[in-house]
Amino acid sequence: MKAEGRVFKYGDNVDTDVIIPARYLNTSSPDELAAHCMEDIDKDFINKVQKGDIIVADKNFGCGSSREHAPIAIKAAGVSCVIASTFARIFYRNSINIGLPILECEEAVKNIKTGDIVSVDFKEGKITNKTTGKVFYAQGYPEFMQKLIAGGGLVESIKKNTI
Amino acid sequence: MGMTMTQKILANAAGLDKVEAGQLIMAKLDLVLGNDVTTPVAVPEFNKIGKDVFDKTKIAIVPDHFTPNKDIKTAEQCKLIREFAIDHKIKNYFEIGEVGIEHVLLPEKGLVVAGDVVIGADSHTCTYGALGAFSTGVGSTDMAAGMATGKAWFKVPEAIGFELTGKFSSEYVCGKDLILHIIGMIGVDGALYKSMEFFGPGVKNLSMDDRFTVANMAIEAGGKNGIFPVDEKTIAYMKEHSTKEYKIFEADKDAKYEKIYKIDLATIRPTVAFPHLPENTKTIDEVKSIKIDQVVIGSCTNGRMEDLRMAAKILDGRKVKKGIRTIIIPGTQKIYLQAIKEGLVEIFINAGAIFSMPTCGPCLGGHMGILAAGERAVSTTNRNFVGRMGHPKSEVYLASPAVAAASAIMGEIYNPEKL
Ligand code: SF4
């Protein structure tokens, strides 16, 4: 499992309300949610983001409510991976459970800027900043987690008996 | 490098010899829990999977938040989970008459023992760490998947140690004061992601009810779980309540803790958390007269026998101050009955309090004691966020049953030692 894309970089404590504002929670359609993803922190995000792009952020990404809509919106916007120094615990679980790969790596976060091209190998946890040539290591995903994410999340993977 | 108690339990449940902090594992579950708020969200997810439950005896469904149902919406939700429980022959589904507050009920029913791995779609699932089990709160999707597979994935937590020595200086100091003190010290994110591991010679001086209260509020410090070593008191409790086989795990001598806090229990004072965060603590000695309107004694934090006995001891022969609505709620039917047998209920009623059947009720601002704008409550529950017990302009002060009962008599937050 691999990902590669351009980086959108944010700071500390990006909360679930800016990832997907509560005023849009009257839908659970991934595409509709994606249309408002990051709207309150970065109006241009949804116009600029392309399939495969990567979000990089500092500490406590995804704090706030336990809504699963937040990782769903990010995933449906085409984002292939979120790299942060740390994630809020429930956001972390929810992301994996809906099949959005996320990695924690403070070193990488410090050394990646908006617009850099980054590639990620999930098995090894290897993060390469192709723009600068620097390589970082987060903890890789064990096989069952790779299958779970590739299978489209927890419910889908159990349904298909892939985990 | 050695493993902590939590890490050992997780390694065992994952079938691994060793795990380390940060590692992602798939672990076998001994129990999957849901309540009347979270189970209705989990059921449609479970149905998407299209499998039967993994084990009818290892799922607990406890409708405790809005029961007896307070309105049509909650009645519909309970109906949905009742039908689910019947369809899938869930053994540990608790209907009105048997139901109690989930985290008081499950240990009492013997459904959790030392060494177990438990997930619950309720944040206070961490309570069972008092028994030497690993238990943690998860989302409804996790509950659905857990019911279908009997497994859940975890990121193995780092640990913070709390080395306890000595014993409480008076009978008016209890586990609630200890955990409020800790949250005040480390903050509401002081243990984020981490396990809170309690140990040291002071543990033996904590009753099981104290330990349940302490483990219960690990989440208020951001913790993934809180856990106590298994000693004679734990074993006696398990023997009294359960026939399940338990397994004792001990932390390695060289287990790694990010930090160890040393706490002499004798230094703990009755402690109160001011609005609107559990970390806003003051000792009772620092509290200046704060007038109150309501007192709540109960919840998964302090609705156990020792809590009611303490409240009764203070209220015995006294009257709550006129105008102070004093609501006392036992955690389970068994505790309810015991309170009747011991004459506690008579004391409460004579003192001018009300005594209800078990329910979460006012703890989450559900029913049975909602606050109006500008009103203040002293409550033995675990959260005092904005609007937690009613109007966003109301205030909740968290305290022990002793402080709550003394406050009911005086009409202001009061030190029970001074009565
Ligand atoms: S008593 Fe309060 S904290 Fe405990 S389970 Fe019920 S609502 Fe949650």
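In what follows, chains carry the letters A, B, and so on, assigned in the order in which the sequence lines appear, proteins first and then strands, with residues in each chain numbered from 1. All figures in this text were calculated on a predicted structure; none of them were measured in a lab.
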Can you confirm whether Asp71(B) is buried at CG, in the sense that more than 12 heavy atoms of other residues, nucleotides or ligands lie under 6.0 Å from that atom? yes

Under 4.5 Å from any heavy atom of chain B, what part of Asn60(A) do you find: side chain, backbone, both or neither? side chain

Which residue in the set Leu154(A), Asn97(A), Val155(A) passes side-chain contact (heavy atoms from CB on, under 4.5 Å) when paired with Glu45(B)? Val155(A)

Would you find more than 12 non-hydrogen atoms of other residues, nucleotides or ligands less than 6.0 Å from Lys8(B) atom NZ? yes

Shortest non-hydrogen contact between Met26(B) and Phe144(A), atoms and distance: N-CZ, 3.3 Å

With a cut-off of 6.0 Å (strictly less than), are more than 12 heavy atoms of other residues, nucleotides or ligands near NZ of Lys28(B)? no

Tell me the residues of residues 47-55 of chain B whose non-hydrogen atoms fall below 4.5 Å from those of chain A, in number order. Lys48(B), Ile49(B), Lys51(B)

Interface moiety of Thr149(B) toward chain A, non-hydrogen atoms closer than 4.5 Å: side chain

Hey, mind stepping through Thr141(B) and Asn94(A) against side-chain contact (heavy atoms from CB on, under 4.5 Å) and telling me if it holds? CA-CA 8 Å; Thr141(B) 304; Asn94(A) 287 346; 5.9 Å; no

May I have the list of side-chain donor-acceptor pairs in residues 219-226 of chain B shorter than 3.5 Å, sequence neighbours left out?
| from | atom 1 | to | atom 2 | distance (Å) |
| --- | --- | --- | --- | --- |
| Glu220(B) | OE1 | His124(B) | NE2 | 3.1 |
| Glu220(B) | OE2 | His124(B) | NE2 | 3.0 |
| Glu220(B) | OE2 | Arg383(B) | NE | 2.7 |
| Glu220(B) | OE2 | Arg383(B) | NH2 | 3.3 |
| Lys224(B) | NZ | Lys155(B) | O | 2.7 |
| Asn225(B) | ND2 | Thr6(B) | OG1 | 3.1 |

May I ask you to decide if the ring planes of Tyr92(A) and Trp153(B) are parallel, tilted or perpendicular, using 30° and 60° as cut-offs? tilted

Tell me whether the count of non-hydrogen atoms from other residues, nucleotides or ligands lying under 6.0 Å of NZ in Lys2(A) goes above 12. no

Honestly, the part of Glu68(A) sitting under 4.5 Å from a heavy atom of chain B is side chain

Contact part of Leu24(B) toward chain A, heavy-atom cut-off under 4.5 Å: side chain, backbone, both or neither? both

More than 12 heavy atoms of other residues, nucleotides or ligands under 6.0 Å from NZ of Lys160(A): yes or no? yes

Measure Ala144(B) against the heavy atoms of chain A and call it side chain, backbone, both or neither at under 4.5 Å. neither

Under 4.5 Å from any heavy atom of chain B - which part of Ile158(A): both

Within 6.0 Å of NZ in Lys89(B), more than 12 heavy atoms from elsewhere: no

Cut-off 4.5 Å, heavy atoms of chain B, and the answer for Leu148(A) is side chain

Take atom CD of Glu124(A) as the centre, draw a 6.0 Å sphere, and report whether it contains more than 12 heavy atoms from other residues, nucleotides or ligands. yes

NZ of Lys59(A) to CG of Leu192(B): how many Å apart, nearest 0.5 Å? 11.5 Å

Using a cut-off of under 4.5 Å for heavy-atom pairs, which of Ala145(B), Ala148(B), Gly139(B) has the most such pairs with chain A? Ala145(B)

